[in-house]
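Okay, so here's the structure we're looking at.
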Amino acid sequence: MPNACRFCGTTNRQITKEHVWPDWLREYLPALRQHGHIERWNSAGGRQQWQQPVLTATVRVFCGACNNGWMSQLEDAAKRIVGPMVVGNAVELDANAQQIVANWVALKGLVAAQTSSVEQPIPESHYRRVYHFKGAPPNTMRVWIGRRLNLANPNWPRRAQLFGAHFIPVTDKLPVFPVPPDFERYRSEGGVFNATIFQVGHFFALALQHDWPGLRARPNPGSAAAGALRPIWPAGRTVEWPPPRPVDDLGNPHKVTRFLQIAPSLVPVFDP
């Protein structure tokens, strides 16, 4: 049987290459002649690092109709908003701009997950939701953005670490303090709760995707994360970027979920 597109599921269209990081970033990043340091992290494979020409990583799991249609449209819309943040310029995001960035984060998080050397535990339903809404699902995804201040690569002196992607299934990695019974039931019955973190230049994004409509999450009030992460999805009041604290203050980025408070929806839903 032909390979199915991960987003729309069709098997009768050509599967094409999709760049993990869009080519339009060349307009914002300095001209880079050396190979870039690439890093990815997932709970199954751990941290993987290698060198390759900048902005050349591709995956081949999406059909041409998706790649050249709605996915390309999301890239075009995000460019004028995300680009300035990549180079550290201050921006204001109204509700429309927040949705554009959240749509881009939902897309690129799932695209970056395809570079993993091991299959990621991402349900097909998550791909279908992003395809259906052509971006961030309105009730089963939350997105925060922040700023990386120090771009130096800790493992390669005099080189910058411009890109990073981390996929984290966090259903079984919640804090040890008691969780609400409704959420404990959701977790014990196999409820999915995944985090995708990626960073491009100074831009940092954290997306949580789950199967419980209305699930609530926020950075712990008073914690470093509360000053470093700004919620953009669901969209709300105008957000100023960068936040007062850089995400550098949070330490290892793939452990950022330890700063979150999680609560059931106001009206419990056991069969999402």
Side-chain angles (χ1 to χ4, degrees), residues 3-11 13 15-25 38-45 48 55 57-79 82 98-145 163-171 192-200 203-212 215 232-234 253-254 256-257 272:
N3 291 334
C5 172
R6 293 303 298 267
F7 276 125
C8 69
T10 186
T11 59
R13 297 175 184 158
I15 300 299
T16 59
K17 286 184 179 180
E18 162 70 359
H19 280 84
V20 176
W21 304 112
D23 197 59
W24 58 256
L25 285 171
I38 310 299
E39 175 180 309
R40 66 186 175 207
W41 191 96
N42 62 73
S43 59
Q48 300 163 315
L55 298 178
T58 60
V59 295
R60 190 187 288 270
V61 291
F62 308 116
C63 72
C66 285
N67 196 351
N68 300 316
W70 66 273
M71 294 169 66
S72 178
Q73 293 168 7
L74 291 189
E75 293 283 8
D76 290 342
K79 172 182 174 180
V82 176
Q98 291 171 44
Q99 181 171 6
I100 290 172
V101 176
N103 288 341
W104 189 75
V105 168
L107 169 66
K108 302 313 290 186
L110 291 177
V111 170
Q114 308 309 306
T115 67
S116 175
S117 59
V118 296
E119 183 69 18
Q120 297 301 298
I122 304 175
E124 291 300 315
S125 60
H126 288 194
Y127 292 94
R128 299 295 186 272
R129 283 192 203 127
V130 172
Y131 169 71
H132 175 77
F133 291 104
K134 303 302 185 286
N139 205 23
T140 56
M141 177 175 280
R142 303 189 72 87
V143 180
W144 295 264
I145 58 174
F163 307 95
H166 308 258
F167 173 78
I168 315 158
V170 295
T171 299
V192 175
F193 188 45
N194 294 329
T196 302
I197 296 170
F198 68 87
Q199 48 204 30
V200 187
F203 176 79
F204 175 95
L206 163 64
L208 299 182
Q209 195 162 2
H210 52 83
D211 291 327
W212 192 340
L215 190 73
I232 63 166
W233 191 252
H254 73 267
V256 70
T257 52

*Is the shortest heavy-atom distance from the side chain of P22 to the side chain of K79 under 4.5 Å?*
no

_Looking only at the side chains, is there a donor atom on one of E75 and W104 sitting less than 3.5 Å from an acceptor on the other?_
yes

*Close side-chain approach of V200 and K108, heavy atoms under 4.5 Å*: no

_Are the side chains of V101 and V82 in contact, using a 4.5 Å heavy-atom criterion?_
yes

*When rounded to the nearest 0.5 angstrom, what distance separates CG in L208 from CG in L215?*
8.5 Å

*asked:* So which atom in C5 and which in R128 form the shortest heavy-atom distance, rounded to 0.1 Å?
replied: O-NH1, 4.1 Å

_Please report the interatomic distance CD1(I145) to CG(L206), rounded to the nearest 0.5 Å._
11.5 Å

_Non-hydrogen side-chain atoms of F133 and N139 separated by less than 4.5 Å_ = no

*Is any side-chain heavy atom of R6 closer than 4.5 Å to a side-chain heavy atom of E124?*
yes

*asked:* Using 0.5 Å steps for rounding, measure from the OH atom of Y131 to the OG1 atom of T10.
replied: 8.5 Å

*Should F204 and W144 count as side-chain neighbours, where that means a heavy-atom distance under 4.5 Å?*
no

*Non-hydrogen atoms of A102 and V143 that approach each other most closely*: CB-CG2, 4.3 Å

*To the nearest 0.5 Å, what is the distance between CD (Q209) and CG (L110)?*
6.0 Å

_Distance (rounded to the nearest 0.5 Å) between Q114 CD and E18 CD_ = 10.5 Å

*Minimum heavy-atom distance N103-A136, with the two atoms named*: OD1-N, 2.9 Å

_I'd like to check F198 versus V111 (side-chain heavy atoms, cut-off strictly below 4.5 Å). Are they in contact?_
no

*Can you measure from CG (N67) to NE2 (H19) and round to the nearest 0.5 angstrom?*
10.0 Å

*Examine distances only and state if a side-chain atom of W233 and a backbone atom of P137 form a donor-acceptor pair shorter than 3.5 Å.*
yes

*asked:* In terms of relative ring orientation, are F62 and F7 parallel, tilted or perpendicular, with 30° and 60° separating the classes?
replied: parallel

